[in-house]
There are 2 protein chains.
Amino acid sequence: MKNKPEPPHCESCDSRPKSVFCALAGNEMHDISSNKGSSFYERGQVIFHEGNRINGIYCVNKGKIKIYQTGSEGKEQIIRFAKEGDIIGYRALLSEGPLSASAATLEESIVCFIPKSFVLNIIQNNPNFNFKLLKMLSKELGEAARIITDLAQKPVRERLAESLLLLKNTFELDEEKNIQVKLSREELANIVGTATESVIRLLSEFKKDKLIDIEGRNIKLINIPALTREANIMD
Amino acid sequence: MKNKPEPPHCESCDSRPKSVFCALAGNEMHDISSNKGSSFYERGQVIFHEGNRINGIYCVNKGKIKIYQTGSEGKEQIIRFAKEGDIIGYRALLSEGPLSASAATLEESIVCFIPKSFVLNIIQNNPNFNFKLLKMLSKELGEAARIITDLAQKPVRERLAESLLLLKNTFELDEEKNIQVKLSREELANIVGTATESVIRLLSEFKKDKLIDIEGRNIKLINIPALTREANIMD
DNA sequence: TCAAAAACATGAATTTTATCATATTTTTGT
DNA sequence: ACAAAAATATGATAAAATTCATGTTTTTGA
C-alpha cells in the first residue's frame, strides 16, 4: 500500500456522479476532498481486515474489490464486490463494531479514505445523503436475502450460473461479451460456496454446452438466456 | 386478519423502549399513534406477501413473526424473525421496490401499520431516528453476511446447532431452558436450509447426545456450551 | 368424538458434492 | 530463461445430504 503522489480530487472524480456522494453540497464535497487520504493498491492486496476497527469509510476511486469473510475452516466466502464509486467499510462505521468482513483488490486500485468525523458530520446535516445511505443499505439487504435463499436451496450448478450473471451485472461485459473481471477458479468457488474442483468441472460443462467460452481467467458469456435458464432465476 | 376493537397506543406500548421509536419526540409519537392501524393475527397468518407493494411499515406490538422468501422450487427460506418492538417491511419502503420477502405470524400477534408518509416525515426531520435506522440496517447486514458464509461453508449439523442458538438469542429461553418459540420441523429446516427429514434426524441425534431435549415442538437446550461447540462458532 | 389431514419419524436407495490423488499447465520470482 | 510455486484439470473414491417409501403419531375440523 503505497501513497500516490497526487491524490484524486472528489470534485473531479469520475466516480462521484454514480456514488452516494452525488448528493453532497459543494462545501461538503470540498471538506471531504481536502481531508481524505488516498492509496494505491496492487492486485491482491488487502485493504482492511475482518475483526479490525476502522475510523472512517473507503471510497473506490478506481479498480475492483472483493469483500469477503473467513469461515470457521479458514475458507474465504465472497460476500459482495465493490467498484468505482462504491463505498466500503460503512457497515462497521455505522454499527460501531469491528469489521465483519475483509476487503482485497482484484486488480490495481485507488481507494480513498474518509475519516469518520467527516462522514458522521454529513450524515447529521444532510438528510439527502442520509436517505441515499438508507436506500443503499436497503438494496444490499435485499440482495443478501436473495443470496441466502439461493445458497440454501439451489444446487451448485445453478449457483455458478447465477454467480456468472452476478459478475456480468456488477462488472459488465465488453463488446465481445467477456466478463470484465478476472477471478481465479478458487475465487469463483468462494462466491458460489463450493469446492474449487466443482467450479472447474462445471465451467467445463458450461463450455461444452456452449453457454460460455473460457480462456484462462477470461469468461465469455456466449448464451446469456440459456445461462439465465440454468440459473433458474424467476424474479 | 381482523381489526381489534382497541388499537394499542404507542405512548403506552410496552415494546416502544426497545424499538427504533424510542428516539421519537412526544409530538412525533402522538402523530404516529393516532394515524396508525392495528391488526390482530392468528397463528400462521400472512401479514404481507413477497412481490406486493406496501405503503408503510409494520411494527410488532405483540407476537412472533417469521420473514421468509420463496425459492424457485416454491420452498420457503426463513431469512429472519421479528418480535415485540421490531419493525418489518421497512426494506421495501426505503428501497421503494416491491417486497422482497413475506411475513407470517408464528403465534397470535398484534401488528401495527404506520403509513409511509409519517415514516418518511420522521426520517426527514429526526436525525436521531434516522441514525437509529442506519444502525439497525447495518446490524442486519452484518448478520446476513454471517449467514451467507455459514450456509456456504458449514455442514447441516453445524447449521442446525447454530439455528437453535439463534432462536435462543432471538426469543430467549424460559427458566427451564426451553426455547420460547414453537416451530415445526419444516420451519426449522427452512432456517437451516435443508430437508425436513434431515432436521428430524439431527434433532434426534442432538437429543441422544444430551445436547437438547425434545417434546413435540418444545426444544430444551440442556447443554449450551456443547451446542455452541457443535455449531463451531468462533467470533 | 372421530375421521381426515398434517406432522413426525425412520430406513433404504439415490444423488449431489467434496475430498483425495495425480497430472498438466500457467504464473512468478530470481 | 528457468526452476519453483501456484493454478488448473480430471478421475476415482468417499462423504454428505436428499429423496422416496412407508409407518406412526398428533392435530384439526366437521
Side-chain angles (χ1 to χ4, degrees), chain A residues 42-45 66 71-78 104 106-108 150-163 181-208 212-219 230 232, chain B residues 42-45 66 71-78 104 106-108 149-163 181-208 212-219 230-232:
Chain A
E42 308 276 355
R43 174 167 169 280
Q45 283 192 289
K66 63 176 173 185
S72 39
E73 310 291 302
K75 194 186 175 193
E76 139 186 336
Q77 178 64 35
I78 296 179
L106 296 167
E107 57 181 48
E108 293 190 353
D150 289 343
L151 276 172
Q153 298 192 2
K154 285 187 179 175
V156 173
R157 187 183 167 96
E158 293 183 19
R159 298 211 305 272
L160 176 59
E162 193 155 36
S163 296
V181 68
K182 305 302 164 225
L183 299 175
S184 68
R185 305 291 191 264
E186 188 178 4
E187 282 172 320
L188 274 171
N190 294 343
I191 309 169
V192 175
T194 189
T196 307
E197 293 96 324
S198 298
V199 165
I200 292 170
R201 271 183 255 272
L202 288 168
L203 282 180
S204 301
E205 282 186 31
F206 284 170
K207 182 177 181 179
K208 190 160 55 74
I212 65 171
D213 238 330
I214 328 173
E215 257 179 58
R217 292 189 180 180
N218 184 58
I219 298 174
E230 282 292 340
N232 200 3
Chain B
E42 308 276 354
R43 173 167 169 281
Q45 283 192 288
K66 63 176 173 184
S72 38
E73 309 292 300
K75 194 186 175 193
E76 137 185 337
Q77 178 64 34
I78 295 178
L106 296 167
E107 56 182 47
E108 293 190 353
T149 302
D150 289 342
L151 276 172
Q153 299 191 1
K154 285 188 179 175
V156 172
R157 187 184 166 97
E158 293 183 20
R159 298 211 305 272
L160 176 59
E162 193 155 35
S163 296
V181 67
K182 305 301 164 228
L183 300 175
S184 67
R185 305 293 191 264
E186 189 178 4
E187 282 171 321
L188 275 171
N190 294 343
I191 308 170
V192 175
T194 189
T196 308
E197 292 96 323
S198 299
V199 165
I200 292 170
R201 270 183 258 271
L202 288 167
L203 282 180
S204 301
E205 283 186 30
F206 284 169
K207 182 176 181 179
K208 191 161 54 78
I212 65 171
D213 238 330
I214 329 173
E215 256 180 59
R217 293 190 180 179
N218 184 58
I219 298 175
E230 282 291 341
N232 199 2

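Just so it is clear: chains get the letters A, B, ... in the order the sequence lines come, proteins before strands, and each one is counted from 1. Note: hydrogens, waters and symmetry copies are ignored here, and every other heavy atom, side chains too, is used.
Contact between A:Glu42 and A:Gln45 at its shortest, heavy atoms only, is N-OE1, 2.6 Å. Considering all non-hydrogen atoms of both residues, A:Gln153 and B:Gly71 come closest at OE1-CA, 3.1 Å.
With hydrogens and angles left out, the side-chain atoms of A:Glu73 and B:Asn232 include a donor and acceptor closer than 3.5 Å.
With a 4.5 Å cut-off on side-chain heavy atoms, B:Ser72 and A:Lys154 count as touching. Counting heavy atoms from C-beta outward, B:Ile214 and B:Phe206 have side chains that stay 4.5 Å or more apart. Side-chain contact between A:Glu158 and A:Glu230: absent, with no pair of heavy atoms (C-beta onward) separated by less than 4.5 Å.
Side-chain nitrogen and oxygen atoms of B:Ser198 include none within less than 4.0 Å of the OP1 or OP2 phosphate oxygen of D:dA17.
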Would you tabulate the side-chain donor-acceptor contacts of residues 191-205 of chain B under 3.5 Å, counting partners in other chains and residues two or more places apart, or write 'none'?
unit_1   : atom_1 : unit_2   : atom_2 : d
B:Ser204 : OG     : B:Ile200 : O      : 3.0
B:Glu205 : OE1    : B:Arg157 : NH1    : 2.5

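Rounding to whole angstrom units, CZ of residue B:Arg201 and P of D:dT18 are separated by 10 Å.
For the salt bridge (Lys or Arg N to Asp or Glu O under 4.0 Å) test, no residue two or more places apart in sequence or in another chain qualifies with B:Lys75. Contacts of B:Lys182 classified as side chain to side chain donor-acceptor pair (under 3.5 Å), with partners at least two apart in sequence or in another chain: B:Asn218. Annotation: side chain to side chain donor-acceptor pair (under 3.5 Å) contacts of A:Glu215 (sequence neighbours excluded): none. A:Glu108 is linked by a side chain to side chain donor-acceptor pair (under 3.5 Å) to nothing, counting only residues two or more places apart in sequence or in another chain. Under the side chain to side chain donor-acceptor pair (under 3.5 Å) criterion, B:Thr149 pairs with A:Gln69, not counting sequence neighbours. For A:Glu186, there are no salt bridge (Lys or Arg N to Asp or Glu O under 4.0 Å) partners at least two apart in sequence or on another chain.
Remark: nothing in residues 150-160 of chain A comes within less than 4.0 Å of DNA chain D through any heavy atom.
When the local axes at the two ends of the helix from C:dT1-D:dA30 to C:dT30-D:dA1 are compared, using 5 base pairs at each end, they differ in direction by 60° after rounding to 10°.
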Footprint string (nucleotides 21-30 of chain D, 5' to 3'): B base within contact, S backbone only, - free, heavy atoms under 4.0 Å: ----------
Please produce a list of atom pairs where a protein N or O lies less than 3.5 Å from an N or O of nucleotides 4-8 of chain D.
unit_1 : atom_1 : unit_2   : atom_2 : d
D:dA7  : O3'    : A:Arg217 : NH2    : 3.3
D:dT8  : OP1    : A:Arg217 : NE     : 3.2
D:dT8  : OP2    : A:Arg185 : N      : 3.1

Residues A:Leu183, A:Asn190; criterion side-chain contact (heavy atoms from CB on, under 4.5 Å); working and verdict: CA-CA 10 Å; A:Leu183 299 175; A:Asn190 294 343; over 6 Å; no
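Under the 3.5 Å distance criterion, the side-chain polar atoms of A:Lys66 are left unmatched by any main-chain donor or acceptor of A:Leu106.
Here the range on DNA chain C touched by chain A, meaning any atom under 4.0 Å from one of its heavy atoms, is C:dT17 to C:dC20.
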